[in-house]
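Heads up: the structure comes next, in structure tokens.
Remember, it's a predicted structure, so these values are computed and weren't measured experimentally. So you know, we letter chains A, B, ... as the sequences are listed, proteins then strands, and number each from 1.
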Amino acid sequence: MILSNPKGTQDFLPPYGDQKALVENEFRKVVSLYGFSEIVNPTFEHTELYLRSTGLTTDIVTKQMYTFTDKGNRELALRPEGTPGVVRAVLQNKLKLPVRLFYIGPMFRYERPQKGRYREFFQLGVEVIGESEPETDVEIIEMGMRFFNQINLSDLIVKVNSVGCPICRPKFRVQLRLFLDKNLEQICDDCKIRVEQNPMRVFDCKVEKCKEIYHDAPKISDNLCYDCQNHFQAVLKELNERKIPFELDKMMVRGLDYYTRTAFEFVPTGSSELGSQDSVGGGGRYDNLVEDFGGPKTPAIGFALGLDRILICLGNALTSRKLVYIIALDAQALKQGRQLLDTLRNAEIPALINPPDKNLRAALGIADNLSCEYVIIIGANEMQKKVYTLKNLTQRSQQEIPQDKIVEVLSKK
RNA sequence: GUGAGUGUAGCUCAACUUGGUUAGAGCACCUGACUGUGGCUCAGGAUGUUGGGGGUUCAAUUCCCCUCACUCACCCCA
């Protein structure tokens, strides 16, 4: 069947395409208040970029990348996430630090699609490169919350944790490993694999039995080194002072290898439409990534929001369009209508004119289908009286407006 | 990658259990009643390779196998 989209992709049909753009623009507005500039990166990069950043132990890299060899024998991958590309661009172009960047665009991961999870999905992301202060962490968390408020998605908290750094994490891993080895008999099969590959991920397990056991396990946030501990305390204090609704979640560990210190997730609280996915976004510090790429030691932090999931949460909250539909009833009126169409558009009022052969009833039906807010009727009566009949479709009301006042009247609406 | 469930008109679904002449309904759509007033009403109309392929059978939407798609969950993540 040719007439079908590839698995895990979606068409944003009207009005969802418009709604998507609306959310993107709100995001642009909010982040620009915090001094972020938009960066547009390629949709594919050298595969190696992701191997060295996102991490060799992550599923994203080991199983989910869309990789291909191009005609010049380059090993490339459709981007599974945005951060590596941004960091690469910053280093390559030697941007002055600190820098605040945001991006909007599609990401690709080969996995089984389900509710709120697609092979092509859209992310809204921010990266702050070159700022180490705990206040920055809180500032961008607060910015995220402000964005969610702005789009009326306020039933939401942020889960916060610290995942340490290369100084404290290895020590902790040994400690955790000891604990897990003692309980190896009781944990599930998946967790047994995690113990070998990446012990901290056991905290993500959804099996009740495992959760009970891990309740008593040592936690990374209780075993931070001096600097990480100070940083984390400062973040928590600042979150409290700024009255940001957060929850300290010592079990939260994030999936990407490069995270250090502060990690967080935006989680809807109300009756979620997201199925088994619980977060609409997440992020954290990655203080070593720039150095890992061969750059100078540079602290950084960022987050990514799932646009598709946000749209699911918003549901059918549709905004009525401010589209004006002009209906001309005869040839003379049509000529007048076409002039009016130009006038309206020049005044930045979105407008359409009906095809000449439709009668009034049918034309109103079309206006209805297009969910126009206003209709302007031009017929012999209007031509004679030098007025337009302006009809409000939602209020089912109409009035005659002098022809030279129409732009003025519509501009106010 | 693993497991479960669904695919019938544009949409939501019925008929399948116990195979049997032209596969139905509601909404939507088209036409008209209504030749300058849309969401209502009434009358009429069009619509399906029953996801695709194969098998069993005199006969398959119905039973069996394969495949594809969707949904849900696991895994993982936005």
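- Residue contacts shown for A:Glu382 include a base, since a base heavy atom lies under 4.0 Å away.
- Base-pair partner of B:U12: B:A25 (Watson-Crick or G-U wobble, both distances under 3.5 Å).
- When heavy atoms are screened at a 4.0 angstrom cut-off, A:Ala380 is found touching base atoms of the nucleic acid.
- Listed nucleotides: B:G38, B:G36, B:C77. Nearest to the side chain of A:Asp204: B:C77.
- For A:Lys405, the NZ atom is loosely surrounded, since the number of other residues' heavy atoms within 6.0 Å does not exceed 12.
- Taking only side-chain nitrogens and oxygens, A:Lys7 comes nearer than 4.0 Å to OP1 or OP2 of B:C70.
- Taking for each of A:Ile377 and A:Gly306 the nucleotide of RNA chain B with the nearest heavy atom, the 5'-most of the two is the partner of A:Ile377.
- In this structure, B:G44 and B:C30 make a Watson-Crick or G-U wobble pair, each of the two defining distances being under 3.5 angstrom.
- The residue A:Ala367 sits apart from the nucleic acid: no heavy atom pair falls under 4.0 Å.
- Closest to the side chain of A:Arg112, out of B:G38, B:C74, B:A78, is B:C74.
- Aromatic rings from A:Tyr286 and A:Tyr258 are positioned such that their centres are separated by under 6.0 Å.
- At a threshold of 4.0 angstrom between heavy atoms, the contacts of A:Gly379 include nucleobase atoms, whether or not backbone atoms are also involved.
- Across all strands shown, B:C74 pairs with B:G1; the Watson-Crick or G-U wobble distances both stay below 3.5 Å.
- Base pairing of B:A69: its partner is B:U6, meeting the Watson-Crick or G-U wobble criterion (both donor-acceptor distances under 3.5 Å).
- Nucleotides B:C58 and B:C68 are separated by 32 Å at their P atoms, to the nearest Å.
- Figure legend. B:G20 is base-paired to B:C58; pairs are counted as Watson-Crick or G-U wobble with both atom distances under 3.5 Å.
- Here the nucleotide nearest the side chain of A:Asp308, chosen from B:A78, B:G36, B:C74, is B:A78.
- A cation-pi geometry, defined here as NZ or CZ lying under 6.0 Å from the six-membered ring centre and within 45° of its normal, does not hold between A:Arg88 and A:Phe293.
- To the nearest angstrom, P of B:G1 lies 18 Å from CD1 of A:Ile60.
- OP1 or OP2 of B:A73 lies within a sub-4.0 Å distance of a side-chain N or O belonging to A:Gln114.
- Using atom P as the reference point in both B:C16 and B:C63, the two lie 10 Å apart (nearest Å).
- Put simply, CG on A:Asp278 is 15 Å from P on B:C72, counting in whole angstrom units.
- Rounded to whole angstrom, the span from the OH atom of A:Tyr118 across to the P atom of B:C70 amounts to 11 Å.
- Rounded to whole Å, the distance from CD on A:Glu111 to C1' on B:G1 is 12 Å.
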**OP:** Would you check, one step at a time, whether the test side-chain hydrogen bond (donor to acceptor under 3.5 Å, both in side chains) holds for A:Arg109 with A:Tyr118?
**Re:** CA-CA 8 Å; A:Arg109 291 180 198 171; A:Tyr118 311 96; over 6 Å; no

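- Across all strands, A:Asp368 comes closer than 4.0 Å to base atoms (heavy-atom distances).
- When the P atom is used for both B:U62 and B:G54, the distance is 14 Å, rounded to whole Å.
- Judged by the 6.0 Å and 45° rule, A:Lys20 forms a cation-pi pair with A:Phe122.
- The separation of B:G44 from B:G5, taken at their C1' atoms, amounts to 41 Å, rounded to a whole angstrom.
- Under the Watson-Crick and G-U wobble criteria, each requiring two contacts below 3.5 Å, nucleotide B:U37 is left unpaired.
- Nucleotides B:G1 and B:A28 have their C1' atoms positioned 41 Å apart, rounded to a whole Å.
- Of the possible polar contacts, none joining the A:Asn183 side chain to the A:Gln186 backbone as a donor-acceptor pair under 3.5 Å is found.
- Both distances falling under 3.5 Å, in either a Watson-Crick or a G-U wobble arrangement, occur for no nucleotide opposite B:U49.
- The backbone N or O of A:Ser132 lies less than 3.5 Å from no partner atom in the side chain of A:Thr136, so there is not a single donor-acceptor pair.
- A:Glu131 approaches A:Arg285 most closely through the heavy-atom pair O-NH2, 3.0 Å.
- Here B:U71 presents its P atom at 10 Å from CD1 of A:Ile312, a figure rounded to the nearest Å.
- Between A:Lys206 and B:C74, a side-chain N or O to OP1/OP2 separation shorter than 4.0 Å is present.
- Crowding of A:Lys192 atom NZ: a count of heavy atoms from other residues, nucleotides or ligands under 6.0 Å exceeding 12.
- Using a 4.0 Å heavy-atom distance criterion, A:Gly8 is classed as a sugar-phosphate-only contact.
- Under 3.5 Å, the side chain of A:Gln398 and the base of B:G38 form no donor-acceptor pair of N or O atoms.
- A:Leu329 has its CG atom 10 Å from the P atom of B:U37, to the nearest Å.
- Here the side chain of A:Gln123 is nearest to one of B:A78, B:G36, B:C76, namely B:A78.
- Closest to the A:Arg109 side chain, of the nucleotides B:C76, B:A78, B:U37, is B:A78.
- Here B:A78 is the nucleotide among B:C77, B:G36, B:A78 with the atom lying nearest to any side-chain atom of A:Ser279.
- Taking the C1' atoms as reference points, B:G32 lies 28 Å from B:U22, given to the whole Å.
- For the residue pair A:Gln403 and A:Glu382, no side-chain donor N or O sits within less than 3.5 Å of a side-chain acceptor on the partner.
- We find that NZ of A:Lys159 is positioned 14 Å from P of B:A78, with the value rounded to whole Å.
- Taking atom P on both B:U2 and B:A46, the two are 48 Å apart, rounded to the nearest angstrom.
- Note on A:Gly125: nothing from the nucleic acid sits closer than 4.0 angstrom, heavy atoms only.
- When heavy atoms are screened at a 4.0 angstrom cut-off, A:Leu307 is found touching no nucleic acid atom at all.
- The side chain of A:Arg194 contributes an N or O atom lying less than 4.0 Å from OP1 or OP2 of B:C76.
- Put simply, the side chain of A:Lys391 and the base of B:U37 share a donor and an acceptor less than 3.5 Å apart.
- At a threshold of 4.0 angstrom between heavy atoms, the contacts of A:Asp190 are confined to the sugar-phosphate backbone, with no base atom among them.
- One P atom belongs to B:G52, the other to B:U41, and the distance between them is 35 Å to the nearest Å.
- Atom P of nucleotide B:G10 and atom CG of A:Leu13 are separated by 16 Å, given to the nearest angstrom.
- Between B:C76 and A:Arg254, no contact under 4.0 Å exists linking OP1 or OP2 to a side-chain N or O.
- Between B:C77, B:U37, B:C72, one nucleotide has an atom nearer to the side chain of A:Lys115 than all others, and that is B:C72.
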